Number of protein chains: 2
Amino acid sequence: MPRSSMHLKPVPRPATDYTSPTYWNGLIKMSLSKFFILNALYQQPMHGYEIARTVEEMTRGCCSPGEGTIYPVLKDFEAGGYVTVMSEMVQGRERKVYALTELGRQAFRVAVSSWMDVTRCLKESEAMLDAEAPSETPDTCCR
Amino acid sequence: MPRSSMHLKPVPRPATDYTSPTYWNGLIKMSLSKFFILNALYQQPMHGYEIARTVEEMTRGCCSPGEGTIYPVLKDFEAGGYVTVMSEMVQGRERKVYALTELGRQAFRVAVSSWMDVTRCLKESEAMLDAEAPSETPDTCCR
DNA sequence: TATAATACATCGATGTTCGATGCATAGGAG
DNA sequence: CTCCTATGCATCGAACATCGATGTATTATA
């Protein structure tokens with residue numbers, strides 16, 4: 001028996017499947033959670049749990065940050081002065097309603113602007129594909 | 001002197017500036033390096049160093065993955081069968097020319113498709129901003 | 001009396017990228 | 001002749017973002 005297979009072969013690293021939409025959606029999500037949280041709050045003040053559902057709906061499931069993401073981010077936003085918090089009790093349950101400050105609104109505008117830049121680049125990538133294989137765009141949205 | 005300030009105050013965490021384009025561009029970059037590397041190779045086979053310059057140009061500086069990103073990624077792509085490598089010597093310098101396999105091309109098409117989904121969501125976010133403050137889009141691109 | 005939905009919060013694990021560092025050659029500036 | 005820049009590959013620790021599991025608690029529903 002080869003010695004190398006006896007010890008310390010923890011996990012062979014399943015090798016990422018780059019042809020899986022799941023992979024790319026996960027990766028994309030990685031840089032959009034904060035963006036969409038700001039986006040939701042830009043529409044109106046709301047509490048953490050509501051943000052989760054709002055973003056889910058807004059992005060049609062493309063990007064739905066988990067609670068493990070949302071609450072730490074909100075805490076960070078609060079510490080930086082991007083949101084203010086109002087605690088309220090509704091039917092015995094605590095609710096922390098977050099509202100964007102002017103600084104928070106400014107942050108979101110910058111974020112949109114930055115994303116628009118890359119969006120243009122992405123459009124060009126799509127155009128390149130369309131040029132060789134026209135008529136695509138199945139509009140499946142994340143599945 | 002308060003004891004808590006004597007020990008273990010490593011770095012106060014400078015607090016992220018979410019109103020800085022630099023922050024958002026950095027975050028965005030985070031999920032687009034692999035995408036643009038595939039994009040470059042989709043156009044034609046090239047070597048690592050060339051990929052860096054091509055992506056830089058392609059994205060007008062929006063997303064320029066460093067070498068510390070590119071080489072590990074290429075190695076990963078090779079291991080997964082997404083690219084093939086041809087080593088050549090040019091003027092005494094080694095060059096490893098990478099070419100996409102059909103699997104690699106497929107991966108890129110999936111990636112584009114996934115990105116198009118979010119692009120639609122981003123468009124809507126921009127539309128929301130434009131509704132309240134029309135005539136923006138300065139087209140500064142990353143600065 | 002479970003179960004689901006609401007609502008908050010934390011923590012370790014995973015994955016992505018950066019920046020520094022290292023090696024090596026070629027060519028031009030001083 | 002030596003320094004610096006550009007080319008070209010490669011690695012590694014640190015920083016950061018997000019997930020998934022876990023925990024607490026209340027209310028409504030089955």
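All values derive from a computational prediction rather than experimental measurement. Proteins get letters first, then strands, A, B, ... in listed order; numbering begins at 1 in each.
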Just distance, no hydrogens or angles: give the donor-acceptor pairs under 3.5 Å from side chains in residues 34-48 of chain A, sequence neighbours left out.
| residue | atom | partner | partner atom | Å |
| --- | --- | --- | --- | --- |
| A/Asn39 | OD1 | B/Ser125 | OG | 2.4 |
| A/Tyr42 | OH | B/Glu132 | OE2 | 2.5 |
| A/His47 | ND1 | A/Glu50 | OE1 | 3.2 |

Study note, to complete from the structure: Comparing nearest nucleotides in DNA chain D, the 5'-proximal residue of the pair B/Tyr98, A/Met30 is B/Tyr98
Short heteroatom pairs, N/O only, protein and nucleotides 19-23 of chain D, under 3.5 Å:
| residue | atom | partner | partner atom | Å |
| --- | --- | --- | --- | --- |
| D/dC19 | OP1 | A/Lys29 | NZ | 3.1 |
| D/dC19 | OP2 | A/Gly66 | N | 3.2 |
| D/dC19 | OP2 | A/Thr69 | OG1 | 2.3 |

Donor-acceptor contacts under 3.5 Å from residues 97-105 of chain B side chains, at least two apart:
| residue | atom | partner | partner atom | Å |
| --- | --- | --- | --- | --- |
| B/Thr101 | OG1 | B/Gly81 | O | 2.7 |
| B/Thr101 | OG1 | B/Tyr82 | O | 3.2 |
| B/Thr101 | OG1 | B/Leu103 | N | 3.3 |
| B/Thr101 | OG1 | B/Gly104 | N | 3.2 |
| B/Glu102 | OE2 | B/Arg109 | NH2 | 3.3 |

Exercise for review: Nearest whole angstrom, please: distance from the C1' of C/dC23 to the OH of B/Tyr71.
Suggested key: 13 Å
Revision key, fill the gap. Residues passing the side chain to side chain donor-acceptor pair (under 3.5 Å) test with B/Tyr49, sequence neighbours excluded, are none
Study note, to complete from the structure: To the nearest angstrom, the CG-C1' distance between A/Leu74 and D/dT18 comes to 14 Å
Check your understanding: What nucleic acid atoms does A/Leu32 come within less than 4.0 Å of, heavy atoms only: base, sugar-phosphate, or nothing?
Key -> sugar-phosphate
Check your understanding: Looking at residues 79-97 of chain A, who's got a heavy atom less than 4.0 Å off DNA chain C?
Key -> A/Arg93, A/Glu94, A/Arg95, A/Lys96
Exercise for review: Rounded off to whole Å, could you give me the CG-to-P distance for the B/Asp76 and C/dT17 pair?
Suggested key: 11 Å
Study note, to complete from the structure: Atom NZ of B/Lys75 and atom C1' of C/dT16 are separated, to the nearest Å, by 17 Å
Check your understanding: Hey, does A/Asn25 have a side-chain heavy atom less than 4.5 Å from the side chain of A/Cys62?
Key -> no
Check your understanding: Partners of B/Glu78 by side chain to side chain contact (heavy atoms under 4.5 Å, CB included), sequence neighbours excluded?
Key -> B/Val83, B/Val85
**Study point:** Qualifying residues under side chain to side chain donor-acceptor pair (under 3.5 Å), relative to B/Tyr18, sequence neighbours excluded
**Key:** A/Asp76
Revision key, fill the gap. To the nearest angstrom, the CZ-P distance between A/Phe35 and D/dA17 comes to 16 Å
Exercise for review: Evaluate the side-chain proximity of B/Ile28 to A/Ser114: yes if any heavy-atom separation is below 4.5 Å, no if none is.
Suggested key: yes
Check your understanding: Does anything in residues 43-50 of chain A reach DNA chain C, meaning a heavy atom under 4.0 Å, and if so which residues?
Key -> A/His47, A/Gly48, A/Tyr49
Would you be so kind as to tabulate the donor-acceptor pairs closer than 3.5 Å made by side chains of residues 63-71 of chain B, with sequence neighbours excluded?
none

Check your understanding: Got a sec, which residues hit side chain to side chain donor-acceptor pair (under 3.5 Å) with B/Glu124, two or more places apart in sequence or on another chain?
Key -> A/Arg60
Exercise for review: Grab the OH-P distance between A/Tyr23 and C/dT14 for me, whole Å please.
Suggested key: 16 Å
Point to revise | Integer-rounded Å distance: C/dT6 P and A/Ile51 CD1 | key: 15 Å
Review point. A/Ser31: what forms a side chain to side chain donor-acceptor pair (under 3.5 Å) with it, not counting sequence neighbours?
Key: B/Ser31
Practice item. Using the test side chain to side chain contact (heavy atoms under 4.5 Å, CB included), find all partners of A/Met116 that sit at least two apart in sequence or belong to another chain. Key: A/Val112, A/Thr119, A/Arg120, B/Leu122, B/Glu126
